[in-house]
Amino acid sequence: MVFIYTTCENEKEAERLAKLILDNKLGVCVDYWAVNSIYHWEGDLKKLSQIMILITTLESKLEDVNELISKNHSYAVPLIAGVDIRRMNRAYKEWMGGQIE
């Protein structure tokens, strides 16, 4: 299992990406919440509110999710990061196995 996370411009974009991921059976759950971010972009310091999304999926779907987000994201350079999960409870793992194609 892996978690994939990225940030979105707003809740509408987060929900659109989540629906695409779930409809394509590339993940079993997409959580999202508001975050505040600060970073340099093209010489300016940016401070803004974004929506973070966390996708629960299998490692074998990492590249497919990456491709889907890259094609459908409003940002020119979105961060799409995968985080390996070493342990999870058996019941969730069994449920998850039946949800992703």
Side-chain angles (χ1 to χ4, degrees):
M1 182 176 99
V2 296
F3 288 146
I4 301 171
Y5 72 89
T6 190
T7 53
C8 298
E9 183 176 14
N10 53 44
E11 191 170 323
K12 183 177 178 179
E13 180 175 48
E15 289 178 355
R16 183 175 55 80
L17 289 173
K19 186 170 180 353
L20 284 169
I21 290 161
L22 296 173
D23 287 351
N24 285 284
K25 298 200 178 282
L26 297 177
V28 297
C29 182
V30 180
D31 300 314
Y32 61 93
W33 62 93
V35 296
N36 295 311
S37 300
I38 187 167
Y39 57 91
H40 283 103
W41 181 254
E42 297 180 344
D44 293 325
L45 185 64
K46 303 287 185 181
K47 182 179 177 185
L48 54 116
S49 295
Q50 301 181 95
I51 302 295
M52 175 75 70
I53 64 173
L54 181 72
I55 303 147
T56 304
T57 191
L58 300 173
E59 187 172 350
S60 63
K61 298 298 180 183
L62 185 59
E63 285 307 314
D64 293 332
V65 173
N66 184 9
E67 184 177 325
L68 184 142
I69 292 172
S70 295
K71 287 182 179 178
N72 293 283
H73 206 290
S74 64
Y75 293 170
V77 185
L79 168 65
I80 306 167
V83 179
D84 290 326
I85 305 303
R86 295 187 318 175
R87 297 189 61 157
M88 72 161 89
N89 60 313
R90 179 175 291 165
Y92 192 91
K93 184 176 183 179
E94 290 171 358
W95 170 79
M96 187 177 174
Q99 302 301 310
I100 298 177
E101 294 178 351

Please examine the side chains of E13 and H73, heavy atoms only from C-beta on, and report whether any two atoms are closer than 4.5 Å. yes
Are any non-hydrogen side-chain atoms of L62 and I4 less than 4.5 angstrom apart? yes
W95: ring pair (Phe, Tyr, Trp, His ring centres under 6.0 Å) partners, not counting sequence neighbours: Y92
Residues in ring pair (Phe, Tyr, Trp, His ring centres under 6.0 Å) contact with F3, at least two apart in sequence or another chain: none
Check the pair R16 / K12 against side chain to side chain contact (heavy atoms under 4.5 Å, CB included), numbers first and verdict last. CA-CA 6 Å; R16 183 175 55 80; K12 183 177 178 179; 5.8 Å; no
Working for salt bridge (Lys or Arg N to Asp or Glu O under 4.0 Å), residues K19 and E15: CA-CA 6 Å; K19 186 170 180 353; E15 289 178 355; over 6 Å; no
Can you tell me how far [atom2] of [Y] sits from [atom1] of [X], rounded to the nearest 0.5 angstrom?
X	Y	atom1	atom2	result
L26	I55	CG	CD1	9.0 Å
N89	E94	CG	CD	9.5 Å
K61	E67	NZ	CD	12.0 Å
C8	I69	SG	CD1	7.5 Å

Check: T6 side chain, I80 main-chain N or O, donor-acceptor pair, under 3.5 Å: no
Only one of T56, N24, L22, T57 passes side chain to side chain contact (heavy atoms under 4.5 Å, CB included) with I100; say which it is. T57
Acceptor/donor pairs from residues 44-54 side chains to any protein atom, 3.5 angstrom cut, sequence neighbours excluded:
residue	atom	partner	partner atom	Å
S49	OG	N36	OD1	3.0
Q50	OE1	T7	OG1	3.3
Q50	OE1	Y75	OH	2.7
Q50	NE2	S37	OG	2.5

What about L17 and V77, same hydrophobic cluster or not, with Ile/Leu/Val/Met/Phe/Trp/Tyr joined at side-chain heavy-atom distances under 4.5 Å? no
Hydrophobic cluster identity match, I38 and W41, side-chain contacts under 4.5 Å: no
